[in-house]
Amino acid sequence: MNKEFIADKTFENKNYKEIKLPLATYENCIFNTCNFENGMLADQQFLECRFIECNLSNANLKNTIFKETLFSKSKLLGLSFFDCDTFLFSVNFSDCVLNFSSFYQLKLRKTLFKNCILEAVDFAAADACEASFNGSDLNRAIFKNTNLEKADFSTATNYKINPGENHLKHAKFSMFGLSGLLQEYQIQIVT
């Protein structure tokens, strides 16, 4: 089945919770204040698209392609990003809430998570080399066998990362965040 090709279009104030977004390849499109909550985004293709102030919580992302896609000021609760087509997967997030989402085993190299709330997000076995988590809250985020080489946590908060279970070579942390690296060892830091 050939998909429709839609380029350079802006979708505003649309509710795709009840009506399904037409199956297509979307290129350089903007989705502004759209609701995809519990929606079907399976098999969609988003190339160089922007989602601004959208709600994608609990949407079905099976075989969805996100290539160079930006999410800004959006709500993305409980998303299984690992269900996406991983071939061209590249995303960035700014001022988003991604609580309880999963990036299990995904390549997230150079991904930007700027000023995001990432509570209980699963980064296990992901490759987040050179990713930036600046300004983000990582309360209860899961890092296990995660490649965090050269990742930037210098202004991130509430992370707990076991250096023995993750790759941290050349990663950046602030002095105030050291307790998040040492908690596993039950070391007391006195200031």
Side-chain angles (χ1 to χ4, degrees), residues 31-34 36-37 41 46 48-59 61 64 66-84 86 89-184 189 191:
F31 297 89
N32 193 8
T33 59
C34 294
F36 299 93
E37 186 177 14
L41 293 177
F46 300 102
E48 300 173 26
C49 291
R50 290 184 286 160
F51 290 83
I52 303 165
E53 295 185 13
C54 291
N55 183 358
L56 289 89
S57 298
N58 298 310
L61 301 179
T64 303
F66 289 117
K67 177 184 179 266
E68 297 179 32
T69 300
L70 172 66
F71 298 91
S72 177
K73 299 178 183 175
S74 292
K75 188 175 174 183
L76 305 117
L77 304 178
L79 292 181
S80 299
F81 285 99
F82 61 84
D83 281 339
C84 292
T86 60
F89 187 80
S90 60
V91 291
N92 287 298
F93 304 93
S94 178
D95 301 296
C96 292
V97 179
L98 290 112
N99 298 351
F100 308 105
S101 291
S102 179
F103 294 94
Y104 177 70
Q105 291 187 328
L106 279 178
K107 287 187 180 175
L108 300 170
R109 288 181 167 255
K110 298 184 180 181
T111 298
L112 176 70
F113 295 93
K114 181 180 177 186
N115 300 323
C116 293
I117 299 173
L118 301 162
E119 185 173 333
V121 172
D122 185 0
F123 292 101
D127 182 358
C129 180
E130 297 184 74
S132 175
F133 295 91
N134 281 321
S136 292
D137 183 345
L138 292 151
N139 186 34
R140 297 186 300 140
I142 300 163
F143 294 97
K144 187 165 177 96
N145 197 28
T146 307
N147 181 2
L148 297 168
E149 291 183 26
K150 299 181 184 177
D152 191 347
F153 291 88
S154 57
T155 59
T157 58
N158 296 319
Y159 53 83
K160 291 174 183 43
I161 302 170
N162 183 339
E165 295 180 345
N166 297 281
H167 308 284
L168 298 173
K169 188 174 183 178
H170 300 295
K172 295 178 189 170
F173 299 92
S174 73
M175 290 292 288
F176 301 105
L178 291 181
S179 62
L181 295 172
L182 301 174
Q183 184 172 5
E184 192 70 29
I189 299 172
T191 55

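Computed over heavy atoms, backbone and side chain alike; hydrogens, waters and symmetry mates excluded. Nothing fancy with the numbering, it's 1 onward along the sequence.
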> Going from CG on L98 to CG on D122, what distance comes out if it is rounded to the nearest 0.5 angstrom?
Replying inline: 13.0 Å

>> Please report the interatomic distance OG(S94) to CZ(F113), rounded to the nearest 0.5 Å.
In response: 12.0 Å

> What are the two closest non-hydrogen atoms of A59 and F36, and how far apart are they?
Replying inline: CB-O, 3.8 Å

> Taking only residues two or more places apart in sequence or in another chain, which ones pass salt bridge (Lys or Arg N to Asp or Glu O under 4.0 Å) with E68?
Replying inline: none

> Can you name the closest pair of heavy atoms from F133 and A151 and give their distance?
Replying inline: CE1-CB, 4.4 Å

> Under the side chain to side chain donor-acceptor pair (under 3.5 Å) test, which residues partner S57, sequence neighbours left out?
Replying inline: N55

> Counting N and O atoms only, with roles assigned by atom type, does the side chain of T155 sit under 3.5 Å from a partner on the main chain of G135, one being a donor and the other an acceptor?
Replying inline: yes

> Just by modelled atom types, is the Y104 backbone N or O under 3.5 Å from a matching donor or acceptor in the S102 side chain?
Replying inline: yes

> Would you say the side-chain atoms of S101 pair up with the backbone N or O of L76, donor to acceptor, closer than 3.5 Å?
Replying inline: yes

> Looking at CG of L118 and CD1 of I142, how far apart are the two atoms once the value is rounded to the nearest 0.5 Å?
Replying inline: 12.0 Å

>> If you compare all heavy atoms of L79 against all heavy atoms of L56, which two are closest, and at what distance to 0.1 Å?
In response: CD2-O, 3.1 Å

>> Once side-chain contact (heavy atoms from CB on, under 4.5 Å) is applied, do any residues pair with N145, and if so which ones, sequence neighbours excluded?
In response: H167

> Who pairs with F81 by ring-ring contact (aromatic ring centres under 6.0 Å, His included), at least two apart in sequence or on another chain?
Replying inline: F93, F103

> Once you round to the nearest 0.5 Å, how far does CZ of F153 lie from CG of L138?
Replying inline: 6.5 Å

> Can we call the ring centroids of Y159 and F173 under 6.0 Å apart?
Replying inline: yes

> Does N32 have any side chain to side chain donor-acceptor pair (under 3.5 Å) partners at least two apart in sequence or in another chain, and if so, which?
Replying inline: E12

>> Could you measure the distance from the CG atom of L61 to the SG atom of C84? Nearest 0.5 Å is fine.
In response: 4.5 Å

> If every non-hydrogen atom of F31 is compared with every non-hydrogen atom of C54, which pair is closest and at what distance?
Replying inline: O-SG, 3.1 Å

> Partners of T33 by side-chain contact (heavy atoms from CB on, under 4.5 Å), sequence neighbours excluded?
Replying inline: N13, E53

> Between F46 and L41, which heavy-atom pair has the shortest distance, and what is it?
Replying inline: CZ-CD2, 4.2 Å

>> If the condition is side chain to side chain donor-acceptor pair (under 3.5 Å), which residues does S132 pass it with, not counting sequence neighbours?
In response: N134

> Has the side chain of N166 got a donor or acceptor atom that lies under 3.5 Å from a matching backbone atom of K144?
Replying inline: yes

>> Once side-chain contact (heavy atoms from CB on, under 4.5 Å) is applied, do any residues pair with T86, and if so which ones, sequence neighbours excluded?
In response: L106

> Taking all atoms of both residues into account, what is the closest heavy-atom pair of T69 and E48, and its distance?
Replying inline: OG1-N, 4.4 Å

> From S136 OG over to I117 CD1, what is the distance, rounded to the nearest 0.5 angstrom?
Replying inline: 9.0 Å

> By side-chain contact (heavy atoms from CB on, under 4.5 Å), which residues pair with D137, not counting sequence neighbours?
Replying inline: N139, T157, N158

> How would you list all residue pairs meeting salt bridge (charged side-chain N to carboxylate O under 4.0 Å, His left out) that involve residues 106-119, not counting sequence neighbours?
Replying inline: R109-D127, E119-R140

